[in-house]
Number of protein chains: 2
Amino acid sequence: MSSRGGSPTIVDVAREAGVSIKTVSRVLNHEPGVHESTREQVLKVVEALRYRPKQSARSLAGGRSFLIGLLYYDPSAAFVGSVQQGATLRCRELGYHLVVESLHNDAPDLRQQIDRMVLALRPDGMILTPPLCDNPEVLAALRDSGTPCVLMSPERDLPGVPSVRMDDVHAAEEITNVLLSLGHQRIAFIKGPPDQSASGMRYQGFVSALRAHGLTPDPDLIQPGDFTFASGRDAAHQLLSRRQRPTAVFASNDDMALGVLAAAQRLGLPVPAELSVVGFDDSPTAGLVWPPLTTVRQPMAAMARAAVEMLVAVQRPDMAGAPDDPELHKVLPHEIVVRDSTRAR
Amino acid sequence: MSSRGGSPTIVDVAREAGVSIKTVSRVLNHEPGVHESTREQVLKVVEALRYRPKQSARSLAGGRSFLIGLLYYDPSAAFVGSVQQGATLRCRELGYHLVVESLHNDAPDLRQQIDRMVLALRPDGMILTPPLCDNPEVLAALRDSGTPCVLMSPERDLPGVPSVRMDDVHAAEEITNVLLSLGHQRIAFIKGPPDQSASGMRYQGFVSALRAHGLTPDPDLIQPGDFTFASGRDAAHQLLSRRQRPTAVFASNDDMALGVLAAAQRLGLPVPAELSVVGFDDSPTAGLVWPPLTTVRQPMAAMARAAVEMLVAVQRPDMAGAPDDPELHKVLPHEIVVRDSTRAR
DNA sequence: CTGAAAGCGCTTACAG
DNA sequence: CTGAAAGCGCTTACAG
């Protein structure tokens with residue numbers, strides 16, 4: 001006779017299988033030292049009763065919540081979607097669940113909001129996306145609470161704090177090489193805001209690719225930008241009205257590249273016939289404009305999966321995770337996406 | 001002396017405040033019948049100890065998880081971001097947390113995936129987005145588990161199941177009126193896929209606005225589409241090569257409108273000078289293309305907030321929610337966003 | 001290889 | 001207006 005009404009508990013399973021609840025617990029948690037026949041019997045009953053252990057009970061007794069938190073600031077940021085998708089799928093595979101929280105990076109009660117979530121939910125780990133992963137207040141709140149964190153593409157790595165990222169410098173080099181191999185020589189570059197480290201790294205990759213081809217960056221072809229559509233459009237207006245126009249533009253993110261496209265169109269300059277354009281990010285929009293943008297795809301979903309794995313691994317005390325562990329800072333491979341905004345000159 | 005090590009519990013608060021844990025519980029849950037001075041004393045200690053009740057303990061004892069689930073299929077769908085943002089913010093205000101889960105609408109183990117989440121987490125409510133909110137299997141799994149649901153923009157309303165939506169017919173009428181009032185008479189329409197009810201409603205609004213102006217829809221100017229960029233582009237190629245071109249195109253979603261923009265650009269037809277274009281959705285991309293798109297903004301965040309509120313309200317048994325409650329099916333106001341893709345002819 | 005006991009930190013009846 | 005007791009459904013030591 002199963003418990004009346006509600007869904008089955010571990011007691012129902014134990015009674016039905018003729019074992020103690022401890023044994024059921026062992027089987028469900030893949031603990032060693034259970035006779036094969038016992039295990040099978042338990043699993044059969046679990047199946048028959050459609051039993052699933054209740055998270056709140058496991059959490060209260062065992063101190064693990066099976067919850068991973070994802071903190072983000074700007075929900076419209078292109079990467080949030082992919083990060084979340086990767087994280088939620090990997091969580092499911094590992095028996096975890098993803099709790100999301102949107103936080104203003106400069107909210108006065110940031111600390112309180114984090115404390116509330118952490119103390120109430122006790123997530124087993126937290127994934128931090130930019131710019132929250134570089135916010136000292138956020139980092140401090142999480143450190144104080146003892147919540148394991150993984151930083152996604154932080155400005156700089158912190159000793160002892162796991163992170164996942166891609167290689168911006170190398171990616172910028174590669175996509176510059178795409179342009180160079182198409183015969184472009186006069187390549188303009190639109191920078192990101194100086195306070196973001198990605199800006200510098202992408203510029204560095206651009207310059208390094210140029211130099212490797214025996215070219216020197218032309219200061220006239222370097223324009224400032226701030227990663228917004230408008231700044232890309234304005235920079236392009238400047239660049240495309242030079243006496244000697246560039247034949248290609250490398251906008252250091254997609255939003256600005258979209259701005260370049262808009263400017264070119266307005267000036268009646270056909271892309272890619274008269275001008276090649278590349279971006280960086282592979283935002284959802286990049287493939288939906290005309291012409292579709294050649295760009296760099298950040299391995300966001302893979303990074304998120306890796307982050308979840310690192311967080312779950314931390315749960316097992318055997319994986320101490322020394323502060324100098326090289327595995328603490330992962331760099332994942334990116335992808336160059338060649339579409340129709342680039343052409344040989 | 002507080003409990004050594006770990007964070008404070010209700011026992012610590014009770015001891016410190018000189019009351020029983022039951023009284024602390026009363027204060028924290030805003031239960032009536034606590035003397036004002038007692039309440040203040042308790043709150044003072046709560047503040048001093050930075051005490052927050054643990055979700056797992058509350059959930060296990062009280063049967064409420066303070067978790068709301070958000071189920072979605074396509075993470076890149078424009079509306080998911082706004083829905084999630086609205087839901088997560090409202091959850092925070094109400095002391096809840098949002099757990100997200102991405103599900104394939106046609107996964108063979110859909111039922112199992114839902115059962116796993118529901119039985120493990122016991123969310124107090126679930127928000128379903130299209131197309132999951134119209135998936136009989138999903139609906140059945142949730143009904144069987146007794147989890148309260150709110151459907152976001154379902155194809156059709158189900159008796160007794162709460163829903164939130166906007167008025168597609170009316171919105172389509174209004175945006176058609178925008179074109180009509182600009183002097184356009186030859187207005188083309190690109191339909192959505194026949195199996196989505198939004199397609200029919202938007203077309204209906206279009207026709208009704210035309211008729212109200214004494215115009216009859218011209219079959220030559222009605223093209224099929226399927227809500228994809230490609231279908232919009234192809235439909236536009238057809239329309240713009242007619243002997244007598246339309247002066248405006250109403251694409252029944254933004255992705256298709258973006259396709260129209262691409263086609264016009266390719267044909268050298270300047271928008272909005274020679275052709276006005278309107279979409280529907282106000283997707284993130286709509287404002288980032290050139291020219292920025294005139295479109296309809298769905299009140300996604302507001303709908304999500306309303307959904308959370310309905311779910312939280314259900315928790316209180318006093319709100320029975322009769323199957324014929326008119327409040328069960330909410331219709332929220334939309335917004336017409338006029339940008340630069342439309343001009344008087 | 002298996003189990004009986006205690007306890008995680010709250011809320012729910014039930015008293016007074 | 002306030003409290004003592006029981007219990008939610010698991011896991012953690014601890015035995016054997």
Side-chain angles (χ1 to χ4, degrees), chain A residues 2-42 46 49-67 95 119-122 124 315-317, chain B residues 2-42 46 49-67 95 119-122 124 315-317:
Chain A
S2 177
S3 64
R4 62 267 164 277
S7 35
T9 73
I10 196 171
V11 175
D12 299 315
V13 176
R15 186 183 335 100
E16 206 73 20
V19 298
S20 73
I21 62 168
K22 175 62 211 180
T23 294
V24 176
S25 175
R26 281 198 182 91
V27 172
L28 260 19
N29 290 297
H30 307 100
E31 286 173 33
V34 179
H35 194 88
E36 189 49 34
S37 65
T38 311
R39 173 183 306 278
E40 280 170 11
Q41 169 64 7
V42 168
V46 164
L49 261 43
R50 317 192 100 240
Y51 168 71
R52 301 285 165 194
K54 212 161 158 172
Q55 177 264 347
S56 55
R58 295 182 80 184
S59 178
L60 184 57
R64 297 173 56 184
S65 66
F66 298 92
L67 258 24
L119 293 178
L121 255 31
R122 310 291 167 112
D124 290 338
Q315 307 307 314
R316 313 196 223 148
Chain B
S2 177
S3 64
R4 63 267 165 277
S7 36
T9 71
I10 196 172
V11 175
D12 299 315
V13 176
R15 184 180 340 96
E16 206 72 21
V19 299
S20 72
I21 61 168
K22 174 63 211 178
T23 294
V24 175
S25 175
R26 281 197 183 93
V27 171
L28 260 19
N29 290 296
H30 307 99
E31 286 173 33
V34 179
H35 194 88
E36 190 48 34
S37 65
T38 310
R39 172 183 308 278
E40 279 169 11
Q41 169 65 5
V42 169
V46 164
L49 262 43
R50 315 193 99 241
Y51 168 72
R52 300 287 166 193
K54 213 163 158 171
Q55 178 264 346
S56 56
R58 296 182 80 183
S59 178
L60 184 58
R64 297 174 56 184
S65 66
F66 298 93
L67 256 26
L119 293 178
L121 254 31
R122 310 290 167 112
D124 290 338
Q315 309 304 316
R316 314 196 220 147

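Numbered from 1 within each chain, the chains take letters A, B, ... in sequence-line order. None of these values were measured; they are calculated from a predicted model.
- Taking atom CZ on R39(A) and atom P on dC1(C), their separation rounds to 10 Å, with Å as the unit.
- The phosphate of dT2(C) has neither OP1 nor OP2 within less than 4.0 Å of any side-chain N or O from S20(A).
- Counting to the nearest Å, the C1' atom of dG9(D) and the CZ atom of F66(A) are 14 Å from each other.
- What separates CD of Q55(A) from C1' of dC8(D) is a distance of 14 Å, to the nearest Å.
- Under 4.0 angstrom from either OP1 or OP2 of dC1(C) there lies no side-chain N or O belonging to T23(A).
- Rounding to whole angstrom units, CZ of residue R122(B) and C1' of dC8(D) are separated by 11 Å.
- Contact annotation for V19(B): backbone-only contact, meaning every heavy-atom pair under 4.0 Å involves sugar-phosphate atoms and none involves a base.
- When all heavy atoms are compared, the tightest approach of A57(A) to L60(B) is CB-CD1, 3.8 Å.
- In this structure, R39(A) places its CZ atom where more than 12 heavy-atom neighbours from other residues, nucleotides or ligands lie under 6.0 Å away.
- Residues D124(A) and R64(A) share a closest heavy-atom pair of OD1-CA, 3.5 Å.
- Looking at H35(A) and Q41(A), their side chains never come closer than 4.5 Å, going by heavy atoms from C-beta outward.
- Taking atom CG on L60(A) and atom P on dG7(D), their separation rounds to 17 Å, with Å as the unit.
- Counting heavy atoms from C-beta outward, V27(B) and V24(B) have side chains that stay 4.5 Å or more apart.
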Find every protein N or O atom lying less than 3.5 Å from an N or O atom of nucleotides 11-15 of chain D, and list the pairs.
residue : atom : partner : partner atom : Å
dT11(D) : OP1  : N29(A)  : ND2          : 2.9
dT11(D) : OP1  : R58(A)  : NE           : 3.4
dT11(D) : OP2  : S25(A)  : OG           : 2.6

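- Computed from coordinates, the Q41(B) CD to dC1(D) P distance equals 17 Å when rounded to whole Å.
- For the pair Y51(A) and H35(B), nearest-nucleotide mapping onto DNA chain D gives the more 5' position to H35(B).
- Remark: P of dT2(D) and CZ of R15(B) are 20 Å apart, rounded to the nearest angstrom.
- We find the OG-CZ distance between S20(A) and R26(A) to be 6.5 Å, quoted to the nearest 0.5 Å.
- Within the nucleic acid shown, S56(A) has no heavy atom closer than 4.0 Å to any nucleic acid atom.
- At least one side-chain heavy atom of N29(A) sits under 4.5 Å from a side-chain heavy atom of R58(A).
- Counting to the nearest Å, the P atom of dC10(D) and the NZ atom of K54(B) are 17 Å from each other.
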Tell me, what's DNA chain D's dot-bracket, Watson-Crick or G-U with both distances under 3.5 Å, | for other-strand, [ ] crossing? |||.||||||||.|||
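- Nearest heavy atoms, V13(A) versus Y51(A): CG2-CG, 3.6 Å.
- Side-chain contact between S65(A) and L121(A) is absent, with no heavy atoms from C-beta onward closer than 4.5 Å.
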